[in-house]
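In what follows, a structure is listed as structure tokens, so that the remarks can point back to it.
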Amino acid sequence: MNESTRGMAFSRRVPALIAGLAMTLATAAASAAGVTDKMISSDATTTDDVLTVGLGQSGQRFSPLKTINSDNIGDLVPAWTFSFGGEKQRGQETQALVHDGKMFITGSYSRIWALDAKTGKRLWGYEHRLPDGIMPCCDVVNRGAALYDNLVIFGTLDARLVALNADTGKVVWNEQLGDYKAGYSYTAAPLIVKGKVITGVSGGEFGIVGRVDARDAKTGKLIWSRPTVEGHMGTLNGKDNGISGKLNASWPGDMWKYGGAATWLGCTYGADVNLLYCGTGNPAPWNAHLRPGDNLYSSSTVAIDADKGVIKWSYQSTPNDHWDFDGVNEFIPFDMKDGTKAGAKADRNGFFYVLDRTNGKLLNASPFVSKVTWATGIDLKTGRPNEAKNRPGDPAATEKGESVFAAPSFLGGKNWMPMAYSQDTGYFYVPSNEWGMDIWNEPITYKKGAAYMGAGFNIKPLYDDYIGALRAMDPATGKVVWEYKNEAPLWGGVMTTAGNLVFLGTPDGYFKALDAKTGALLWKFQTGSGVVGQPATWEQDGEQYVAIASGWGGAVPLWGGDVAKKIKDISQGGMMWVFKLHKSTKSSVAAK
């Protein structure tokens, strides 16, 4: 080939080389972009990753995967395990996130790891340096992270929000959510909505002020903040954005300044109406004789405009909460059979609520536990409870007011552990507990960084043979369709799949799968420690995987009174268990 011919050949190759280079650069750019808003908004329907705690922004915890199903669940076997290591065992309440072949899990004491999702190999780990004097209310747990761009974002017990490089684990930004010396902490999983990372705060037992914040997920810069105690000013882009409610409308004197209403479980998102649904905790102090009035927006569901940070509507499930019933339980958007845009919440106070998610109007409310003493029912016209005479007595200047027995206990008909909604059966699967409490009030005054409760209590089981019960609720009727009882309390999350399965863990160490239609136990596996984590599932290389964290802890051993004594012998631990079908089963499924 002469020089001229070689030049012509090269000139013909140039466009192809440029096109190839452009494709390579585009692929690299796409890879560098990492997790996008579009990917997050479709997380509930995609199966090759898990980008959100709750398996989607709405938190339905439903997977369309059905490779593992009620017919072959008996062939589910461990694929790999990972130890959280060290002496920092305690409660492991995390949910795994999976993207680009990596799994991200958080652990007790504000730790996080990246693992190879197929083998469990440790890729990197980050342990947040916690200061002395942190004041977490209910164990040193962490409930998961969030993914955005090439970042993995999680909160810490000293009330900080940390963003790490997903490939290296190096800190990219670190922002303060609150003053830990005043009682602020953070244990929830952040939520990503339209490029913003949404967080709440913990610390209601220390008289903090609850709020919801939205930050730029790439930089951590605060965009808006919305307090969840009436009378406090919100902000938008660094400017005042109106107070929440009206000053002293439902709070006496200065009580609103230390009003609690912590948003310690975070929020869900209704994309069709652009609303964040955030549960708020108990008002502070527990002694309600000091704060007559409804005490907005405590023990409520608050719907917040995701762009502007303003409250669009709220529904208060326990006005003037006297029992620490909170209201943080997740509000899950779903559509009724008649097309109504609804949302459901199983409240700590023992009632299962269905609301119109566009305006907060109450559609239905019914008990999901066997015994409720504080109210006889919910008035569907006013939305308010028909309250029974079951409040602890006013201690006034004495050391202790009159004690009453109340059910549920303050640990709730359902506590933090998230329920699941099946798009196939139309049922909600609610992890509930049957217990009550002796509760009394005591005098209390606010002091920064000190417990601000003004109450004493002792929790007692209602029945000898069981405490926990997974219940399938029909949101249209408010009826319990079936229940699965467990001797120990249920304290972990629930997941359901298109394979007609409901997954849950129990404190006696088992990870279980039930028939979603009937509640029949189909499979169980002993993990070696109490399970209080949240299940997740995804598909990789043609195989479906299911993951659960095992590690006993949380509020029950710390606050459980007589219940804690009953289950004191449960072993602590810290393991991530990942399961898949046995190879022979996988082959037979493929053959079909």
Yes or no on side chain to side chain contact (heavy atoms under 4.5 Å, CB included) for Val430 and Leu470, after CA distance, side-chain angles and deciding distance?
CA-CA 6 Å; Val430 183; Leu470 183 70; 5.7 Å; no
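- For Tyr421 and Phe62, the gap between ring centers reaches or exceeds 6.0 Å.
- Listed by first then second residue, pairs satisfying salt bridge (charged side-chain N to carboxylate O under 4.0 Å, His left out) with a partner in residues 473-491 read Arg471-Glu483, Glu483-Lys485, not counting sequence neighbours.
- A donor-acceptor pair shorter than 3.5 Å cannot be found between the side chains of Gln534 and Glu93.
- Between Asp272 and Lys341 there is a salt bridge, since a side-chain N of the basic residue sits under 4.0 Å from a carboxylate O of the acidic one.
- Taking 4.5 Å as the limit, some side-chain heavy atom of Ile304 sits within range of a side-chain heavy atom of Trp224.
- Residues Asp216 and Lys218 share a closest heavy-atom pair of OD1-N, 2.8 Å.
- Side-chain atoms of Ser550 and Thr527 include a donor-acceptor pair closer than 3.5 Å.
- Counting only distance, with no hydrogens or angles, the side chain of Arg61 and the backbone of Pro418 share no donor-acceptor pair below 3.5 Å.
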Step by step, would you call Tyr545 with Lys118 a side chain to side chain donor-acceptor pair (under 3.5 Å)?
CA-CA 9 Å; Tyr545 292 81; Lys118 194 166 185 178; 5.0 Å; no
Where do Cys278 and Thr301 land on the side chain to side chain contact (heavy atoms under 4.5 Å, CB included) test, with the steps shown first?
CA-CA 6 Å; Cys278 309; Thr301 299; over 6 Å; no
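- Between Met103 and Val578 the shortest side-chain heavy-atom distance falls below 4.5 Å.
- Atoms CG and CG, from Leu151 and Leu147 in turn, are 9.0 Å apart once rounded to the nearest 0.5 Å.
- Taken from CD1 in Ile311 to OG in Ser300, the straight-line distance is 9.0 Å, to the nearest 0.5 Å.
- Judged by distance alone, with hydrogens and angles left aside, the side-chain atoms of Trp416 form no donor-acceptor pair with the main-chain N or O of Trp264 at under 3.5 Å.
- With a 4.5 Å cut-off on side-chain heavy atoms, Val531 and Trp491 do not count as touching.
- Between Met417 and Val494 there is no side-chain heavy-atom pair separated by less than 4.5 Å.
- When side chains are defined from C-beta on, Leu164 does not count as touching Lys170, because their heavy atoms never get closer than 4.5 Å.
- Among all heavy-atom pairs drawn from Thr94 and Ala549, the shortest one is CG2-CB, 3.7 Å.
- Of the possible polar contacts, one joining the Ser366 side chain to the Gly478 backbone as a donor-acceptor pair under 3.5 Å is found.
- When every heavy atom of Val273 is checked against every heavy atom of Tyr277, the shortest pair comes out as CG2-OH, 3.2 Å.
- By the 4.5 Å heavy-atom criterion applied to side chains, Phe352 and Asn364 are not counted as neighbours.
- Of the charged side-chain nitrogens involved, at least one lies within less than 4.0 Å of a carboxylate oxygen, so that Asp167 and Lys102 count as a salt-bridged pair.
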Side chain to side chain donor-acceptor pair (under 3.5 Å) for Gln92 and Ser108? Distances and angles first, verdict last.
CA-CA 6 Å; Gln92 309 299 344; Ser108 55; 3.1 Å; yes
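- Between the Thr106 side chain and the Arg111 main chain, no donor and acceptor come within less than 3.5 Å of each other.
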Checking Thr52 against Gln95 for the side chain to side chain contact (heavy atoms under 4.5 Å, CB included) test, could you report, in this order, the C-alpha distance in whole Å, the side-chain angles of both residues, the deciding distance, and whether it holds?
CA-CA 9 Å; Thr52 311; Gln95 182 211 287; over 6 Å; no
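- Contact annotation: the side chain of Phe154 never approaches that of Phe104 to less than 4.5 Å [non-hydrogen atoms, C-beta and beyond].
- In this structure, CG in Asp356 is found 10.0 Å from CE in Met336, a value given to the nearest 0.5 Å.
- The ring of Tyr126 has its center no closer than 6.0 angstrom to the ring center of Trp113.
- The side-chain contact (heavy atoms from CB on, under 4.5 Å) check on Thr47 picks up Pro64, Leu65, Glu539, with sequence neighbours excluded.
- Under the 3.5 Å distance criterion, the side-chain polar atoms of Ser58 are left unmatched by any main-chain donor or acceptor of Gly270.
- Looking only at atom types and distance, the side chain of Gln572 has no donor-acceptor partner in the side chain of Ser529 under 3.5 Å away.
- A salt bridge does not link Lys194 to Asp37: none of the charged nitrogens lies less than 4.0 Å from a carboxylate oxygen.
- Distance check: Thr46 OG1 to Leu51 CG gives 6.0 Å after rounding to the nearest 0.5 Å.
- A side-chain N or O of Asp347 and one of Ser317 form a donor-acceptor pair less than 3.5 Å apart.
- Rounding to the nearest 0.5 Å gives a distance of 9.5 Å between CG of Leu514 and CZ of Phe503.
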I would like to know whether Ser422 and Asp424 meet side chain to side chain donor-acceptor pair (under 3.5 Å); could you show each step before the answer?
CA-CA 5 Å; Ser422 171; Asp424 289 343; 4.8 Å; no
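- Looking at Asp307 and Lys196, a side-chain N of the basic residue comes within less than 4.0 Å of a carboxylate O on the acidic one, giving a salt bridge.
- Side-chain N or O atoms of Asn329 include one that pairs as donor or acceptor with a backbone N or O of Lys414 at under 3.5 Å.
- Taking the six-membered ring where the residue is Trp, the centroids of Tyr510 and Phe525 are separated by 6.0 Å or more.
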Trace of the side chain to side chain donor-acceptor pair (under 3.5 Å) decision for Gln540 with Trp538
CA-CA 7 Å; Gln540 187 170 339; Trp538 72 100; 3.2 Å; yes
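- Residue Val53 comes nearest to Ala189 through the heavy atom pair CG2-CB, 3.6 Å, listed as atom of the first residue, atom of the second, then distance.
- Checked against the 6.0 Å centroid threshold, Phe579 and Trp523 count as a close aromatic pair.
- In this structure, the side chain of Asn274 does not engage the main chain of Ala271 through any donor-acceptor pair within 3.5 Å.
- Side-chain contact between Trp482 and Tyr429: present, with at least one pair of heavy atoms (C-beta onward) separated by less than 4.5 Å.
- There is a side-chain donor-acceptor pair under 3.5 Å between Asp213 and Ser225.
- In this structure, the side chain of Trp80 engages the main chain of Ala117 through a donor-acceptor pair within 3.5 Å.
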Could you go through the side chain to side chain contact (heavy atoms under 4.5 Å, CB included) check for Leu362 and Tyr353 one step at a time?
CA-CA 7 Å; Leu362 180 64; Tyr353 297 87; 3.9 Å; yes
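- Taking CD1 of Ile68 as the start and CG of Asn500 as the end, the distance is 14.0 Å to the nearest 0.5 Å.
- Between the side chain of Asn359 and the backbone N or O of Lys361, at least one donor-acceptor pair lies under 3.5 Å.
- Side-chain polar atoms of Asn142 and Thr187 form no donor-acceptor pair below 3.5 angstrom.
- Under the 3.5 Å distance criterion, with hydrogens and angles disregarded, no donor-acceptor pair is assigned to the side chains of Lys345 and Tyr315.
- Under the 3.5 Å distance criterion, the side-chain polar atoms of Asn415 are left unmatched by any main-chain donor or acceptor of Gly412.
- For Asp139, the salt bridge (Lys or Arg N to Asp or Glu O under 4.0 Å) criterion is met by Arg90, not counting sequence neighbours.
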